[in-house]
There are 4 protein chains.
Amino acid sequence: MCPRTAKAYEALREASKEKIMQAALEIFARYGFEKSSIRQIASHGEVSLGLMYNYFNSKEDLLIAICQRSMEDVAASFSEANQAGTAKEKLERLVKSSFEILAEHRDFWQVFYSLRSQPGLKERLPESFISWHSAIQAQLKAYLSELQHPNPEAAAWLLFATIDGVAQHNIWESNYPLEHVLDELLKTYLGVDYVTA
Amino acid sequence: MCPRTAKAYEALREASKEKIMQAALEIFARYGFEKSSIRQIASHGEVSLGLMYNYFNSKEDLLIAICQRSMEDVAASFSEANQAGTAKEKLERLVKSSFEILAEHRDFWQVFYSLRSQPGLKERLPESFISWHSAIQAQLKAYLSELQHPNPEAAAWLLFATIDGVAQHNIWESNYPLEHVLDELLKTYLGVDYVTA
Amino acid sequence: MCPRTAKAYEALREASKEKIMQAALEIFARYGFEKSSIRQIASHGEVSLGLMYNYFNSKEDLLIAICQRSMEDVAASFSEANQAGTAKEKLERLVKSSFEILAEHRDFWQVFYSLRSQPGLKERLPESFISWHSAIQAQLKAYLSELQHPNPEAAAWLLFATIDGVAQHNIWESNYPLEHVLDELLKTYLGVDYVTA
Amino acid sequence: MCPRTAKAYEALREASKEKIMQAALEIFARYGFEKSSIRQIASHGEVSLGLMYNYFNSKEDLLIAICQRSMEDVAASFSEANQAGTAKEKLERLVKSSFEILAEHRDFWQVFYSLRSQPGLKERLPESFISWHSAIQAQLKAYLSELQHPNPEAAAWLLFATIDGVAQHNIWESNYPLEHVLDELLKTYLGVDYVTA
DNA sequence: TATGAATGAGCGTTCATTCAT
DNA sequence: AATGAATGAACGCTCATTCAT
């Protein structure tokens, strides 16, 4: 009835999927996952209700797909960002790039933080969602070890919490003075020489 | 003419209200506000579905009542905690008491954090819920000023974010090494002498 | 516990019953039977919820009691009103007294008309509620017969419908020109001499 | 790409809307608006409970849609009916066609009359619902003026009330002798020559 | 592939009614 | 006689999901 080449089909599929995921991310960020309706998303993405179910088995599936893809983006950005020189430079780069990534994927992080604090859902999210915590934690610890921090384990936890806290305040508060806080953060955590301290 | 005394009614009312609020707090903490149903709360509190509406005008009203009461408890605990000596001691006490309060009102803070990251609801919560941020922020800044911190504003933001971040990690992660992280936190923020630094 | 003389009890009973019925009639008239709640009535009558159920078995029972008593009042007023002279005078008196009774029991008639047009309820109302129709109809027919109307049966139906229609318009429309319409009514139905017509 | 055609969808929509409106009208007429439940309507119309909300925003919206459409039908029938010759003929035609329309839309008029006497609802019904009164009133007055009635204003009110009263008696009473009453009505209001009277 | 009409479980809420005191 | 706390069936409504085309 509607003949098209296989390739054209594939392109359409990808375009539709992309449109849906982008629309869903925007709606989830604005209204929260629970309060977003499938109809809202379909309408925002200019896609029919039924089409969504061709690509995603459920609302939750759609969320998972979004998280997965965004997490991959984030991971890629992170590994790009962490190539440079000394331990101190790498740690500084890690912190700074975190906030660059945050700014680039603002909608996603809004969703991320609202999901993380919603019990009962995060358990069903993809592994990458959970493992992100321990991954960043491990990397921080490694850098702090390299810097000869006397207690790299606890310091890594602390630094991670700090980054996480600043990130959230930055997202939830309009006019958050990110620049100043970031300066202060780097001064506090990297301004001292752990060897002589 | 000879019904229960007014006092007996008052006691009944208070008992029921308390039962409902406690049940609701537990359910909200476990499943999140949106995903908690009135039926769940009623059943968990072993009261009838409709009883809630004798005391609270709506599900949201119930949430607000819980937040209000918890916030009052928290504020009382905080002001108790901040009487002590030097600026350094007061700051240390503030940080430590924060985590004591967190432990004492675990369920409430779980709800608090999940609400804070939910767009569209926090706007309708009581003023105390919103002003808590700036209140604690102001106090931190005052203490850091007293300690002669060169940049008390930014440092207060940073310390607040750190406390917030640690609090959340402590809530969401089982087996969070709070003791060690807290030690590290105090060492990092209070172990230096800002005047000579 | 609460000793009182039998007589004092009876007085209390009657006073309470009266208060409840009056309150209910006012609420029913203002909001309609379905939309009036038992709580509204209790509160309006300054009586406890439970007390109402000492006197009336249900909301519907209360309505029935009100209708019964009001109908008795109305019937009494009617029989008082219809003693006078010639057929023409009696008919005129009947029509006029109808509207006097309407004005005196405005709340009741509001309820009456809203119930009459509500299917499913009027069937369960007391007999007097139903028989009122045929009673007035019969009386009108008798008077018209006396006046030698060529078709007293149909004319009675018509006159009754007219009275009923005017009564309702008078109740539902504010500023209804009842005086003028009533004049016109009497002129139309009584201004002709059926014998010579 | 190859779903149903737009026209096929439109047909489906119209069929469902029609089914729902018809079912609702019947249920509203039988039980009254307040006592009719959405589930009753859905079940009577053999559609799902939720389907109604695809087409109507609320139960009240459904009522409004029904009233609007019925009122349009009624208005069309009326304007068809009022083309004829002399004033007397036109007035006679107006009265007669009123009762033809009543018979054709029995269910609607039952609903109409029960709504009109229900406080608090009629205010939210469409304008046409309210203005119908004054429209018919004005027309009656115009005809009576043409007939040289000495007091066309009051007579129009009276005639309208009569028509209204007869219509209601005809609806609420089974075996109402409409023919005879209608004859009597026409004789009473049109059998006299106002000029010489 | 793509559509949107259709479904119905489950939600928050109301309110007549019961009952221990 | 009198109270009002407590109950739970039933309401209007929402929305993720299914399915015929």
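Residue numbers begin at 1 in each chain, while the letters A, B, ... track the order of the sequences.
In this model, a donor atom of one side chain and an acceptor atom of the other lie less than 3.5 Å apart for C:E26 and C:Q22.
With E:dA6, F:dC13, E:dT3 as the choices, the nucleotide that has an atom nearest any side-chain atom of D:L51 turns out to be E:dA6. In the set F:dA6, E:dG4, F:dG12, E:dG4 carries the atom at the smallest distance from any side-chain atom of A:L49.
Judged by distance alone, with hydrogens and angles left aside, B:N54 brings no side-chain donor or acceptor close enough to the base of F:dA5 to form a pair under 3.5 Å.
Taking for each of D:F33 and B:L12 the nucleotide of DNA chain F with the nearest heavy atom, the 5'-most of the two is the partner of B:L12. Comparing D:Y9 and B:S58 by the nucleotide of DNA chain E that holds the closest heavy atom to each, the one mapping nearer the 5' end is D:Y9. Residue D:M52 is the one, among B:G50 and D:M52, whose nearest nucleotide of DNA chain E lies closer to the 5' end (criterion: closest heavy atom).
Salt bridge present: D:R69 and D:E18 bring a charged side-chain N and a carboxylate O closer than 4.0 Å. Between A:K19 and A:E46 there is no salt bridge, since no side-chain nitrogen of the basic residue lies less than 4.0 Å from a carboxylate oxygen of the acidic one.
Across all strands shown, B:V47 has heavy atoms under 4.0 Å from sugar-phosphate atoms exclusively, and none from any base. Residue contacts shown for B:Y55 are limited to sugar-phosphate atoms, with no base heavy atom under 4.0 Å away. Residue C:S43 is classed as having no contact, given no heavy-atom separation below 4.0 Å to the nucleic acid. Heavy atoms of C:S37 sit under 4.0 angstrom from primed sugar atoms or phosphate atoms, though from no base atom.
Of the nucleotides present, E:dA9 is the one that pairs with F:dT14 by Watson-Crick or G-U wobble criteria, both distances under 3.5 Å. Within the shown strands, E:dT3 is the pairing partner of F:dA20 under the Watson-Crick or G-U definition, both distances less than 3.5 Å.
Screening D:S114, D:S36, D:S37 for a side chain to side chain contact (heavy atoms under 4.5 Å, CB included) with D:Y31, the sole residue that qualifies is D:S36. For the side chain to side chain contact (heavy atoms under 4.5 Å, CB included) with C:I66, the qualifying choice from C:V111, C:L25, C:D61 is C:L25, the only one to do so.
Of the side-chain N and O atoms in A:R13, one or more sit less than 4.0 angstrom from OP1 or OP2 of E:dT1. Applying the 4.0 Å criterion to OP1 and OP2 of F:dA2, one finds that C:S16 has a side-chain N or O inside that range. For the pair D:Y53 and F:dT14, the criterion of a side-chain N or O lying under 4.0 Å from OP1 or OP2 is not met.
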